[in-house]
Amino acid sequence: MTAEAPTAPAVSYGRLVPVTVHFDDLDALGLLHNARYPLMVERAWTELWSEHGVRFDGDWAAAGDACNAVRELRIGYEAPVTRPGTYAVHLWLERLGTTGLTYGFRFCSADGTETYARGSRVLVRLDAATLRPAPWSETFRAVGRELLRPAG
């Protein structure tokens, strides 16, 4: 008898990226600290974009699409995370503009069925020399189009 590998949870759009909540991520009440949610979302995005060659290795001039800044972050907390373990971050793009984008996220159960927090974040691609808005590369835009949430 051969054990089958577990299937990855399915979402109808975007990507579900596994994350781990550790004991030291919990606050004095035993709840996932509110500041940890955006940190885990950032780590999930970093993992996703790294799979596509978008990463920062210490050189802003060579960073390309990884040279970006947060313009806005919104998050709403829906249910407390009360224990360490494996969870997931559901990631998608709401809007992909020439120099900016808006992504949505849900901090959720590992299978994506229970939502603990949800939010959005606006990023602006920057020119490393001037720190002014710059266009996303076509390679980045192609990956981004795959992550767009369907209208409706």
Side-chain angles (χ1 to χ4, degrees), residues 8-27 31-81 84-152:
V11 290
S12 61
Y13 59 90
R15 284 270 308 274
L16 204 56
V17 178
V19 295
T20 301
V21 172
H22 298 277
F23 176 77
D24 60 355
D25 292 318
L26 306 179
D27 65 15
L31 307 175
L32 180 59
H33 192 281
N34 66 293
R36 297 292 189 176
Y37 290 84
L39 176 67
M40 292 195 188
V41 170
E42 177 70 20
R43 289 177 180 165
W45 269 118
T46 298
E47 181 178 327
L48 185 146
W49 284 113
S50 289
E51 292 172 8
H52 298 284
V54 179
R55 65 181 58 85
F56 176 68
D57 293 323
D59 179 357
W60 284 115
D65 294 307
C67 185
N68 58 66
V70 176
R71 184 174 184 277
E72 179 179 296
L73 171 66
R74 293 175 186 247
I75 186 167
Y77 303 95
E78 298 186 12
V81 171
T86 303
Y87 295 86
V89 177
H90 179 197
L91 304 168
W92 66 90
L93 291 185
E94 290 286 344
R95 182 188 67 79
L96 178 60
T98 302
T99 62
L101 61 79
T102 302
Y103 71 72
F105 63 88
R106 287 186 314 121
F107 190 92
C108 53
S109 56
D111 64 1
T113 59
E114 186 173 355
T115 299
Y116 300 100
R118 71 176 69 236
S120 64
R121 188 162 132 173
V122 177
L123 293 180
V124 178
R125 164 73 164 84
L126 299 175
D127 176 276
T130 65
L131 298 182
R132 300 292 307 149
W136 301 108
S137 71
E138 188 48 44
T139 302
F140 183 93
R141 295 179 60 71
V143 174
R145 284 189 290 272
E146 294 173 12
L147 296 169
L148 280 169
R149 182 179 187 169

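One is the number of the first residue; the rest follow in order along the sequence.
Leu32 approaches Leu26 most closely through the heavy-atom pair N-CD2, 3.5 Å. Closest approach of Thr102 to Ser120, counting heavy atoms only: CG2-CB, 4.3 Å. The two residues Ala88 and Val19 have their closest heavy-atom pair at N-CG2, 3.9 Å. Scanning all heavy atoms of the two residues, the minimum distance from Val89 to Ala44 falls at CB-CB, 3.8 Å. Taking every heavy atom of both residues into account, Ala128 and Leu131 meet most closely at O-CD2, 4.0 Å. Contact between Pro84 and His22 at its shortest, heavy atoms only, is CB-C, 4.0 Å.
Here the CG atom belonging to Asp59 is positioned 8.5 Å from the CG atom belonging to Asp57, to the nearest 0.5 angstrom. Interatomic distance, Cys108 SG to Glu114 CD, rounded to the nearest 0.5 Å: 9.5 Å. Atom-to-atom distance recorded for Asp65:CG and Arg141:CZ is 10.0 Å, nearest 0.5 angstrom. Note: Thr99 OG1 to Leu123 CG = 11.0 Å, rounded to the nearest 0.5 Å. We find the CG-CG distance between Leu147 and Leu91 to be 8.0 Å, quoted to the nearest 0.5 Å.
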Inset, instruction - Would you please test Arg15 and Glu47 for salt bridge (charged side-chain N to carboxylate O under 4.0 Å, His left out) and show each step? - result: CA-CA 11 Å; Arg15 284 270 308 274; Glu47 181 178 327; 5.6 Å; no
Inset, instruction - Output, in order, the C-alpha distance, side-chain angles, deciding distance and verdict of salt bridge (charged side-chain N to carboxylate O under 4.0 Å, His left out) for Arg118 and Glu78. - result: CA-CA 8 Å; Arg118 71 176 69 236; Glu78 298 186 12; 2.5 Å; yes
Legend entry - Residue pair Phe105, Trp45: steps toward the ring pair (Phe, Tyr, Trp, His ring centres under 6.0 Å) verdict: CA-CA 10 Å; Phe105 63 88; Trp45 269 118; 9.0 Å; no
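The closest donor-acceptor contact from the side chain of Arg125 to the backbone of Gly64 lies under 3.5 Å. Judged by distance alone, the side chain of Tyr77 and the main-chain N or O of Tyr116 form no donor-acceptor pair under 3.5 Å. A donor-acceptor pair is defined here as one N or O able to donate and one able to accept, closer than 3.5 Å; such a pair exists between the side chain of Trp136 and the backbone of Gly100. Counting only distance, with no hydrogens or angles, the side chain of His33 and the backbone of Ala35 share a donor-acceptor pair below 3.5 Å.
Considering only residues two or more places apart in sequence or on other chains, Tyr13 meets the ring pair (Phe, Tyr, Trp, His ring centres under 6.0 Å) condition with His90, Trp92. For Phe107, the ring pair (Phe, Tyr, Trp, His ring centres under 6.0 Å) partners two or more places apart in sequence, or in a different chain, are Tyr37, Tyr87.
Residues Phe140 and Leu101 form a side-chain contact, since some pair of their non-hydrogen atoms from C-beta on lies under 4.5 Å apart. Put simply, the side chain of Tyr103 reaches to within 4.5 Å of the side chain of Val41, judged on heavy atoms. Side-chain contact between Asp25 and Met40 is present, with heavy atoms from C-beta onward closer than 4.5 Å.
Within a 6.0 Å sphere centred on CZ of Arg71, heavy atoms belonging to other residues, nucleotides or ligands number 12 at most. Annotation: Arg74, atom CZ; neighbour count of heavy atoms from other residues, nucleotides and ligands within 6.0 Å does not exceed 12.
Sorted by first and then second residue, the salt bridge (Lys or Arg N to Asp or Glu O under 4.0 Å) pairs involving residues 142-152 (not counting sequence neighbours) are Glu94-Arg149, Glu138-Arg145.
At a cut-off of 3.5 Å, with distance as the only test, a side-chain donor of Thr115 or Arg106 sits close to an acceptor on the other residue.
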